[in-house]
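Note sheet for the following structure.
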Amino acid sequence: MPSPTSIAATIRRIPRGKVSTYGAVARAAGYPRGARLVARVLRGAFDLPWQRVLGAGGEIKLQGEFAAEQRFRLRSEGVTFCGRRVDMKQHEFHFSKPKKKKSRRRTGRR
DNA sequence: AAGATGACGCCCG
DNA sequence: CCGGGCGCCATCT
């Protein structure tokens with residue numbers, strides 16, 4: 001059951017040294033079109049690893065000092081940048097999306 | 001209730 | 001690469 005809470009929980013799953021995007025987090029949390037909701041949650045909950053959430057393509061969407069702060073914190077976690085953007089192919093975190101499919105119990109038993 | 005706004009995403013020229 | 005415009009969703013005035 002989707003709710004802002006799941007969004008926050010999803011963001012908390014991002015491990016240190018990894019990053020994700022608004023869209024990806026939204027989808028992982030069950031909001032295919034909720035990129036903006038993710039942004040809202042980040043604003044309201046300052047107790048999350050907000051620095052690990054970036055815009056599409058790994059771009060920092062913040063402005064001014066906050067952008068610098070985010071860059072600094074990410075670099076401190078070992079995240080590398082490709083110019084203005086984060087090197088996604090190296091740090092993008094892939095969420096596991098729980099689908100309605102039942103998990104295969106013991107694949108290929110025998 | 002209608003319009004404007006915002007840590008967004010994506011398509012077009 | 002950059003700017004502009006439209007679509008999404010929830011909240012605020």
Side-chain angles (χ1 to χ4, degrees):
Chain A
M1 57 177 18
S3 69
T5 313
S6 3
I7 292 181
T10 303
I11 295 171
R12 279 187 176 78
R13 287 190 193 98
I14 305 174
R16 183 175 169 294
K18 290 281 186 178
V19 298
S20 191
T21 64
Y22 299 92
V25 170
R27 283 189 298 267
Y31 290 88
R33 267 101 193 134
R36 293 192 115 134
L37 300 190
V38 175
R40 187 167 290 285
V41 171
L42 261 76
R43 259 191 136 190
F46 235 78
D47 43 317
L48 301 156
W50 59 271
Q51 67 266 37
R52 298 179 193 152
V53 185
L54 309 160
E59 188 177 13
I60 290 180
K61 299 302 275 185
L62 286 176
Q63 304 278 316
E65 301 303 301
F66 293 101
E69 174 69 13
Q70 183 166 30
R71 243 161 12 223
F72 179 79
R73 295 182 78 150
L74 287 174
R75 292 200 66 160
S76 299
E77 295 187 351
V79 176
T80 60
F81 283 75
C82 222
R84 283 171 104 44
R85 331 189 140 160
V86 167
D87 192 334
M88 294 307 268
K89 41 184 184 315
Q90 215 179 151
H91 302 289
E92 182 169 13
F93 175 70
H94 301 280
F95 289 101
S96 23
K97 303 178 216 177
K99 284 193 171 165
K100 304 258 167 67
K101 273 187 140 147
K102 16 181 152 125
S103 316
R104 271 185 170 309
R105 33 190 154 92
R106 239 138 320 140
T107 56
R109 62 161 293 249
R110 164 243 231 263

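We name chains A, B, ... by the order of the sequence lines, and we start the count at 1 in each one.
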Heavy atoms of other groups near F81(A) CZ, more than 12 under 6.0 Å:
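Yes, CZ of F81(A) has more than 12 neighbouring heavy atoms, counting only those of other groups under 6.0 Å.
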
Tell me, yes or no, whether the heavy-atom count around R84(A) atom CZ, taken from other residues, nucleotides or ligands under 6.0 Å, exceeds 12.
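For R84(A), atom CZ is not crowded (no more than 12 foreign heavy atoms under 6.0 Å).
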
Boundaries of the chain A footprint along DNA chain B (any atom under 4.0 Å from a heavy atom)
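So the outermost contacting nucleotides come out as dG6(B) to dC10(B).
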
Run the ring pair (Phe, Tyr, Trp, His ring centres under 6.0 Å) test against F95(A) and tell me which residues pass, sequence neighbours left out.
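Result, ring pair (Phe, Tyr, Trp, His ring centres under 6.0 Å) vs F95(A): F93(A).
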
Closest heavy-atom pair and its distance - [X], [Y]:
{"X": "G30(A)", "Y": "P32(A)", "result": "O-CD, 3.3 Å"}
{"X": "D47(A)", "Y": "R12(A)", "result": "OD2-NH2, 3.5 Å"}
{"X": "A26(A)", "Y": "G34(A)", "result": "CB-C, 3.6 Å"}

State whether a side-chain donor-acceptor pair under 3.5 Å links R73(A) with S76(A).
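Absent: no donor and acceptor within the cut-off.
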
Between E77(A) and Q51(A), is there a side-chain donor-acceptor contact under 3.5 Å, judged purely by atom types and distance?
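Judged by distance alone, the side chains do pair up.
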
Starting at [atom1] of [X], measure out to [atom2] of [Y] and round the result to the nearest 0.5 Å.
{"X": "T80(A)", "Y": "L74(A)", "atom1": "OG1", "atom2": "CG", "answer": "10.0 Å"}
{"X": "S20(A)", "Y": "E92(A)", "atom1": "OG", "atom2": "CD", "answer": "6.0 Å"}
{"X": "C82(A)", "Y": "Q90(A)", "atom1": "SG", "atom2": "CD", "answer": "9.0 Å"}
{"X": "L48(A)", "Y": "L42(A)", "atom1": "CG", "atom2": "CG", "answer": "6.0 Å"}

Partner of V38(A) under side-chain contact (heavy atoms from CB on, under 4.5 Å), chosen from T21(A), T10(A), V25(A)
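It is V25(A), the one option of T21(A), T10(A), V25(A) that forms the side-chain contact (heavy atoms from CB on, under 4.5 Å) with V38(A).
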
Among Q70(A), E59(A), K61(A), find the one that has a side-chain contact (heavy atoms from CB on, under 4.5 Å) with L54(A).
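Answer to the side-chain contact (heavy atoms from CB on, under 4.5 Å) test with L54(A) among Q70(A), E59(A), K61(A): Q70(A).
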
Using a 4.0 Å heavy-atom cut-off, write out nucleotides 1-6 of chain C from 5' to 3' as B (base contacted by protein), S (sugar-phosphate only) or - (no contact).
------

Every protein N/O lying under 3.5 Å from an N/O of nucleotides 7-9 of chain C:
from	atom 1	to	atom 2	distance (Å)
dC8(C)	N3	R36(A)	NH1	3.0

Is there a residue in residues 40-70 of chain A whose heavy atoms reach under 4.0 Å of DNA chain C, and which residues are they?
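R40(A) - these, ordered by number, are the residues of the stretch whose heavy atoms sit under 4.0 Å from the strand.
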
Give the residues of residues 8-24 of chain A touching DNA chain B, defined as any heavy atom closer than 4.0 Å, sorted by residue number.
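When residues 8-24 of chain A is checked for heavy atoms under 4.0 Å from DNA chain B, the hits, listed by number, are Y22(A), G23(A).
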
